[in-house]
Amino acid sequence: MANLNIIPSSTIPCTKEQAIADSLKAHPISLSLPQPFYTEQANFDVEMEQIFQKEWLFVGLSCEIPKKGNFMTQQIGNSSITIVRDQNGEVRAFHNVCRHRGSKLCLTEKGKTAKLVCSYHQWTYELDGNLLYAGTDMGDDFDKSKFGLHPVHCRNAGGYIYISLSDNPTNIDDYFEDLAHYLEPYDLENAKVAVEKTIVEEANWKLVIENNRECYHCSGSHPELLGSLLEWDDTEDPRASDEFKFLVASKQALWDAEGIPHKHVSHGYAKRNRIVRMPLKEGTLAMTVDGQLAVKKLMGRIKNPELGSMRILHLPNSWNHAQSDHIVAFQVKPLGPRKTEVTTKWVVHKDAVEGVDYDPERLTYVWDETNKQDRRLVENNQRGINSIAYQPGPYSATYEFGVINFIDWFSYTMQVNIATSTTRS
Ligand code: 3BY
Ligand code: FES
Ligand code: FE
């Protein structure tokens, strides 16, 4: 038998990953993916490593940790991350793992604490991750400064928090800068999450994103959403009518006069990050059952209720609708090859009072219904894909260009990240 030990581990080819990269390279982005990408644990594991453990992820809002000592935890695959407001008011992220014997440190999803204390042997960390106290006797040569929490790259862009578990994350500063500028009118430091809901969809995470990236399915499935949403979000859209272009131009002139950013910006490979403000349907102000506002108090410095919806896309895990009175923020978290969690947060002015300024039922109704409808669609999509009859099918370049962009980004990012990790390892 060959002695594998004589081959240095760095030169053993990473066959599973290489096979996935090769299959993506051979696959045209105009077709839905081959079956294993939607069904198999092996593919899922590689996607978690190459996408979710490397790329920037949207993880929440700074207003969820408003004061020093507020923290929230996030599970990404097997890794738990703590996002904390430190003693200087900065938002930071750490691996939620004690440097003593590795216990999980913060045990709740949200909380407030003066110091981060491990419940096992009480090692105690400052909110900036430095180790302050390590039990009674670790020996004379114990150097506390070497046992701070492992930091995680973290960015706060105008109140939207992103983390990356990579040692060397992709630079998307151009997006973070634009996002901070586009979110400035909302003053997210003075906002709050009024309602948060999480649903689990029995479908692969990419089917959840694919579903969100087109409105080809909207007229058949989303009567509540179409009360206010215009089906396309780009004046360059091949379907955009003159009437639509006129509506957009007239609203943009008003937004310009008020210093409300609206221009379509996109960054990264295959428009990985996009921000654009679009009018809602004539006569509607918000994504509610009657199109009227859901919250009496507008957000931040906003005076004009007619801001349409600012859509923010961040691949691989978030889309958003920012209106004048509230923001709806979505976060996608893969749980398994055929299981995905979708969390929706409805964000309002921090001084808006429940029952006085807004009714949570009314605030959440349209997107709650839409989420349920989309869950049915993607679960049925998954069921069909599980069949021996499934074969990749064609996307429409007119109606599903957003899906093609996503598949393009996914395929490219997987191939680049796999290539980089196999040359590095
Ligand atoms: O998030 C959106 O704006 C919509 C919902 C359905 C399709 N997608 C583009
Ligand atoms: Fe945390 Fe021992 S594992 S103090
Ligand atoms: Fe939908």
Side-chain angles (χ1 to χ4, degrees), residues 32 71 73 79-80 82 84 94-108 113 115-127 129-139 142-144 146-150 197 199 201-233 278 280-281 287 309 311-313 317-321 328-332 340 342-344 364-382 395-396 399-403 405-406:
S32 62
F71 67 86
T73 56
S79 301
S80 176
T82 305
V84 63
F94 303 102
H95 282 280
N96 191 17
V97 177
C98 181
R99 293 295 309 278
H100 178 216
R101 280 162 53 196
S103 175
K104 188 172 175 182
L105 192 61
C106 298
L107 302 177
T108 54
T113 185
K115 308 285 176 210
L116 300 164
V117 183
C118 180
S119 60
Y120 202 172
H121 315 94
Q122 286 72 51
W123 278 33
T124 301
Y125 302 86
E126 186 47 272
L127 299 173
N130 282 315
L131 179 63
L132 291 174
Y133 168 81
T136 43
D137 186 10
M138 295 305 296
F142 179 74
D143 182 355
K144 281 201 306 236
K146 297 211 164 74
F147 289 89
L149 296 175
H150 286 305
K197 296 191 192 195
I199 59 173
E201 307 193 5
E202 299 294 332
N204 185 273
W205 70 274
K206 297 185 293 304
L207 295 178
V208 176
I209 299 291
E210 286 184 33
N211 169 269
N212 175 263
R213 290 297 81 223
E214 48 90 358
C215 220
Y216 187 17
H217 68 275
C218 290
S219 61
S221 296
H222 295 321
E224 298 83 2
L225 185 66
L226 289 185
S228 56
L229 185 83
L230 287 169
E231 289 182 43
W232 50 83
D233 63 2
M278 273 288 124
L280 290 170
K281 279 191 176 157
M287 296 163 134
S309 166
R311 301 161 182 224
I312 306 163
L313 170 69
N317 82 326
S318 176
W319 68 90
N320 302 265
H321 284 280
V328 199
F330 301 83
Q331 181 186 350
V332 170
T340 304
V342 178
T343 297
T344 309
T364 58
Y365 179 76
V366 167
W367 270 106
D368 241 357
E369 291 305 303
T370 306
N371 282 343
K372 282 187 233 159
Q373 293 150 358
D374 281 328
R375 176 170 59 189
R376 270 198 301 278
L377 296 171
V378 300
E379 288 183 347
N380 286 334
N381 196 171
Q382 179 73 56
Y395 299 123
S396 153
Y399 285 80
E400 294 167 307
F401 56 86
V403 186
N405 285 343
F406 166 57

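Whatever order the structure lists ligands and atoms in, that order sets their numbers, starting from 1.
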Handout entry: Heteroatom of Asp374 nearest to the Fe ion (ligand 3) (N, O or S, atom name)
Key = OD1

Practice task
Evaluate the side-chain proximity of Asn204 to Glu210: yes if any heavy-atom separation is below 4.5 Å, no if none is.
Solution key: no

Practice task
Confirm or rule out an N/O/S atom of His217, from backbone or side chain, lying less than 2.8 Å from the Fe ion (ligand 3).
Solution key: yes

Problem - Identity of the N, O or S atom of His121 lying closest to atom 2 (Fe) of ligand 2 - result: ND1

Exercise for the section: Under 4.0 Å from a heavy atom of Cys118: give me the atoms of ligand 2 that qualify, with their elements. Expected result: 1 (Fe), 3 (S), 4 (S)

Exercise for the section: For the pair Trp123 and His100, name the ring-plane relationship: parallel under 30°, tilted 30 to 60°, perpendicular over 60°. Expected result: parallel

Exercise for the section: Would you check if atom 1 (Fe) of ligand 2 lies under 2.8 Å from any N, O or S atom of His100? Expected result: no

Practice task
Look at atom NZ of Lys281 and say whether more than 12 heavy atoms of other residues, nucleotides or ligands are closer to it than 6.0 Å.
Solution key: yes

Practice task
Look at Cys215 and state whether any of its N, O or S atoms is less than 2.8 Å from the Fe ion (ligand 3).
Solution key: no

Handout entry: Those atoms of ligand 2 less than 4.0 Å from some heavy atom in Tyr120
Key = 2 (Fe), 3 (S)

Fill in the blank from the handout: Residues Ile209 and Val332: closest non-hydrogen pair is CD1-CG2, 4.0 Å

Practice task
For the pair Phe330 and Trp319, name the ring-plane relationship: parallel under 30°, tilted 30 to 60°, perpendicular over 60°.
Solution key: parallel

